[in-house]
Every structure is written in structure tokens, then in C-alpha cells.
Amino acid sequence: MKKMALTALLLALPVTAMADESCGNFMAAKKTDNEARVLDSYKDGIRDLRGLEQPAVMKQFENADLAQKKVWVERAYSKCKRRGAGEDLANVITDIQ
């Protein structure tokens with residue numbers, strides 16, 4: 001029981017060593033028109049989410065149809081263009097999903 005509680009606590013804490021997918025990386029992937037690369041970049045942004053939010057958002061993304069994924073990608077691209085290349089994609093994803 002203590003191990004479960006400790007595991008839950010550790011999952012809830014922010015992780016500092018993350019991939020930090022940036023809007024710049026995501027926008028570069030988008031400009032290639034390689035759909036698989038764009039979706040992979042978006043998933044990298046989801047993986048950068050902190051705590052218990054990450055698994056829920058990843059599940060939502062994985063269960064969505066391609067049309068819905070494209071909507072989220074377009075929204076993220078628009079926000080990234082406004083916020084700049086240095087913005088963490090995870091921050092953008094948190095705002096749109």
C-alpha cells in the first residue's frame with residue numbers, strides 16, 4: 001500500500017528532465033507536410049506534460065480519429081505561431097485539449 005501511495009505521489013510531481021518539444025520543432029515538422037512526423041512531434045509534446053495529466057491526454061489523443069487529431073494539430077500550429085518558436089509545445093497542448 002505504501003508503494004502505491006509513493007508511486008502516485010512521484011507521478012504527480014513535476015519532472016524536470018523532459019524532452020521539451022518546442023513550438024519551433026513542431027512548426028518545422030508541420031512545414032514538411034509529413035503527417036507522421038507532425039503527429040509524432042505532437043505526441044512528443046504530450047509526453048512533456050507533467051503529472052497525471054499526461055496519460056489522460058495521450059489516451060484522448062490515441063483514441064481520437066484522424067480528423068480530430070488534425071483539428072488539434074492545426075490549433076496547436078496557430079497558437080505556436082502566435083507564441084513563438086521557443087514556447088514549450090506542452091503548454092500549447094494544455095490550452096487546446
- Are D40 and R37 ion-paired here, with the side-chain N under 4.0 Å from a carboxylate O? no
- Query: Is it true that K43 and E21 make a salt bridge, defined as a side-chain N closer than 4.0 Å to a carboxylate O?
  - Reply: no
Closest contact, heavy atoms only, [X] versus [Y]:
X	Y	value
S41	F26	OG-CA, 3.3 Å
A90	G45	CB-O, 3.5 Å
V92	K79	CG1-CB, 3.7 Å

Rounded to the nearest 0.5 Å, what separation is found between the [atom1] atom of [X] and the [atom2] atom of [Y]?
X	Y	atom1	atom2	answer
T32	M27	OG1	CE	13.5 Å
Q54	T94	CD	OG1	11.0 Å
K81	K30	NZ	NZ	9.0 Å
Q97	F61	CD	CZ	7.5 Å
K70	Y77	NZ	OH	15.5 Å
C80	N25	SG	CG	10.0 Å

- Query: When I46 is tested against each of Q60, E53, M58, E62 for side chain to side chain contact (heavy atoms under 4.5 Å, CB included), which residue passes?
  - Reply: M58
- Task: Validate the cation-pi geometry between K69 and Y42: distance from NZ or CZ to the six-membered ring centre under 6.0 Å, angle to the ring axis within 45°.
- Result: no
- Treating Ile, Leu, Val, Met, Phe, Trp and Tyr as nodes and any side-chain heavy-atom pair under 4.5 angstrom as an edge, say whether I93 and V71 lie in one connected cluster. no
- Message: I'd like to know if the side chain of N34 reaches the main chain of A36, judged simply by a donor and an acceptor atom lying under 3.5 Å from each other, with no hydrogens or angles considered.
- Response: yes
- Run the side-chain contact (heavy atoms from CB on, under 4.5 Å) check on D48 and L89 step by step: do they pass? CA-CA 8 Å; D48 289 343; L89 183 57; 5.9 Å; no
- Using a 4.5 Å cut-off on heavy atoms from C-beta on, say whether the side chain of D95 contacts that of R75. no
